[in-house]
*Asks:* 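Here's a structure for you.
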Amino acid sequence: GAHNGTSLFNQACDNLSGPGRIIVMSAGNEGREQIHLSKTFTPSDTIIRTGLDFNPDIYKRTWVDIWGDTGKSFCARVTLYNGTEGPSTALICTDGAELDTFLIADNGLDTCYVSFIPYASEYNDMPRIIINVFNKSGDTAFVSVSGKDGRIHMWNEYYYYGYVHRYTSAFISGGKPWATQGNTTSTVSDMGSAHSVLLVGAYNSKISWKDINGNTQSYFPLTTGGIAPFSSRGPLTDGRIKPDIAAPGLTLGSAVSSYDTSYTRTGSSSDKVVAEYEDLGSGRKYYYAEFIGTSASGPVAAGIVALMLQA
């Protein structure tokens, strides 16, 4: 999304909010992810280039979501590099047709699949291009975005839920003097950019604990009271400051699934386990463990808001 409160989901949140109804949402955990870039084009400065650095433990796949100013247009292409410039896609503009294509890597064997989905005007009257990149090669894919005027924002959007949970790639310069490194600004969730939503970041409420085996664990050198390093950052692209507030998000005791065998006295996450409860009727053990994330701070704030509404 455009991260400016105009999406259909944002509009739904605003329409659902009202007397007695307040929507509270977690800001996201991308405060360290270099997944955002922006560029203001001028007649003498018409292009931004950036590379896609993929996590080697996850597939080399991402969506690059690019949004421009209302009434403006821009174009994009993908090029492979392996020391030197390799093959490139056609230049696709916001008023062009969709394109499914591929690039052959420097070794002549491996393939980078690329799809472009352009919109001259999306639901909010803003131009947009989505680029779907699946790079099965060892070459680095670089994205170039060009325009004559106006401003664009772009995000690296593909999030992988699996044995690791994280974004699959980041924007990098790749050592190229003409390329731009990604930044961590405007990484709060687009879902939470609605005007009426209370968007909640995380702060360091507790940085150490004693695990169930009596060992002291810590998130040193963090200090209590500071914003958690993972907490997603603003501002929104329309200039509003988000998150609106921060709540405890590092670290909180939480119930964990009794089917997750890593959260036991001897499991791989035993350093996070702080207590256990045994049901005398069934003999089943249930564990409680330390948890971090704005998925913790959002519920903390929601509980406080609920008490305020009740009062």
Side-chain angles (χ1 to χ4, degrees), residues 9 13 23-33 35 54-63 134 156-170 187-192 197-220 222 224 228-232 243 246-307:
F9 186 86
C13 289
I23 296 175
V24 181
M25 199 176 296
S26 301
N29 302 322
E30 284 69 61
R32 292 175 293 191
E33 304 282 351
I35 57 173
F54 289 95
N55 184 328
D57 297 325
I58 316 175
Y59 345 98
K60 298 168 74 173
R61 184 170 200 164
T62 193
W63 300 315
F134 186 13
N156 223 322
E157 288 285 8
Y158 197 98
Y159 195 88
Y160 178 77
Y161 289 94
Y163 55 92
V164 292
H165 303 320
R166 62 160 293 174
Y167 276 78
T168 60
S169 68
T187 51
V188 292
S189 73
D190 177 74
M191 292 173 66
V197 163
L198 183 70
L199 195 64
V200 186
Y203 74 83
N204 306 327
S205 50
K206 180 180 66 182
I207 63 167
S208 63
W209 67 96
K210 186 169 287 188
D211 69 28
I212 197 167
N213 296 310
N215 302 308
T216 298
Q217 307 291 346
S218 174
Y219 282 108
F220 180 83
L222 298 180
T224 55
F230 56 76
S231 187
S232 288
L250 185 155
T251 172
L252 291 87
S254 173
V256 295
S257 171
S258 61
Y259 293 95
D260 189 342
T261 56
S262 65
Y263 286 97
T264 63
R265 284 182 178 271
T266 58
S268 58
S269 297
S270 62
D271 58 328
K272 303 292 193 303
V273 177
V274 293
E276 70 178 6
Y277 163 75
E278 183 175 353
D279 181 73
L280 297 180
S282 65
R284 189 174 186 84
K285 291 184 178 180
Y286 298 88
Y287 291 91
Y288 298 83
E290 293 298 320
F291 178 75
I292 67 172
T294 59
S295 289
S297 58
V300 170
I304 295 169
V305 169
L307 292 171

*Asks:* Run the numbers on Leu250 and Asn204 for side chain to side chain contact (heavy atoms under 4.5 Å, CB included), then give the verdict.
*Replies:* CA-CA 5 Å; Leu250 185 155; Asn204 306 327; 3.9 Å; yes
*Asks:* For Asn213, enumerate each residue passing the side chain to side chain donor-acceptor pair (under 3.5 Å) test, keeping only those at least two apart in sequence or located in another chain.
*Replies:* none
*Asks:* Let me see the working for Ser231 and Thr294 under side chain to side chain contact (heavy atoms under 4.5 Å, CB included), right down to the final yes or no.
*Replies:* CA-CA 7 Å; Ser231 187; Thr294 59; 4.0 Å; yes
*Asks:* Of the non-hydrogen atoms in Phe230 and Ala202, which two are nearest, and what is the gap between them?
*Replies:* CE1-CB, 3.8 Å
*Asks:* If you compare all heavy atoms of Thr264 against all heavy atoms of Ser270, which two are closest, and at what distance to 0.1 Å?
*Replies:* O-CB, 3.2 Å
*Asks:* Atom CG of Asp211 and atom NZ of Lys272: how far apart are they, to the nearest 0.5 Å?
*Replies:* 9.5 Å
*Asks:* Please enumerate all residues that pass salt bridge (Lys or Arg N to Asp or Glu O under 4.0 Å) together with Arg265, with sequence neighbours excluded.
*Replies:* Glu276
*Asks:* On a heavy-atom basis, which atom in Ala289 and which in Val256 lie closest, and how many Å separate them?
*Replies:* CB-CG1, 3.7 Å
*Asks:* Working to the nearest 0.5 Å, report the span between CG of Leu252 and NZ of Lys206.
*Replies:* 6.5 Å
*Asks:* First locate atom CD of Glu157, then atom CG of Asp190, and finally report the distance between them rounded to the nearest 0.5 Å.
*Replies:* 8.0 Å
*Asks:* Can you sort out the partners of Lys285 under side chain to side chain donor-acceptor pair (under 3.5 Å), two or more places apart, ordered by chain and number?
*Replies:* none
*Asks:* Looking at side-chain heavy atoms only, is the closest gap between Leu199 and Ser232 below 4.5 Å?
*Replies:* no
*Asks:* What distance do Asn156 atom CG and Glu30 atom CD have between them, rounded to the nearest 0.5 Å?
*Replies:* 11.5 Å
*Asks:* Provide the closest heavy-atom pair for Ser189 versus Ser26 in the form atom of the first, atom of the second, distance.
*Replies:* OG-O, 3.9 Å
*Asks:* Locate the shortest heavy-atom distance separating Phe54 from Ser169; write the atom from each residue and the value.
*Replies:* CD2-CB, 3.6 Å
*Asks:* Nearest heavy-atom pair of Val188 and Pro243: which atoms, and what distance?
*Replies:* CG1-CD, 3.8 Å
*Asks:* Atom CZ of Phe220 and atom OG of Ser208: how far apart are they, to the nearest 0.5 Å?
*Replies:* 11.5 Å
*Asks:* Supply the atom-to-atom distance Ile292 CD1 to Ser254 OG, rounded to the nearest 0.5 angstrom.
*Replies:* 12.5 Å
*Asks:* For Ser297 and Gly201, indicate whether the former's side chain and the latter's backbone hold a donor-acceptor pair under 3.5 Å.
*Replies:* yes
*Asks:* Atom CG of residue position Leu307 - does it have more than 12 heavy atoms of other residues, nucleotides or ligands inside 6.0 Å?
*Replies:* yes
*Asks:* Examine Arg61 relative to Phe134 and say whether NZ or CZ is less than 6.0 Å from the centre of the six-membered ring and inside a 45° cone about the ring axis.
*Replies:* yes
*Asks:* With sequence neighbours excluded, tell me which residues meet side chain to side chain donor-acceptor pair (under 3.5 Å) with Asp271.
*Replies:* none
*Asks:* Using the ring pair (Phe, Tyr, Trp, His ring centres under 6.0 Å) criterion, which residues pair with Tyr219? Sequence neighbours excluded.
*Replies:* Trp209
*Asks:* I'd like to check the side chain to side chain donor-acceptor pair (under 3.5 Å) partners of Thr261; sequence neighbours left out, ordered by chain and number.
*Replies:* none
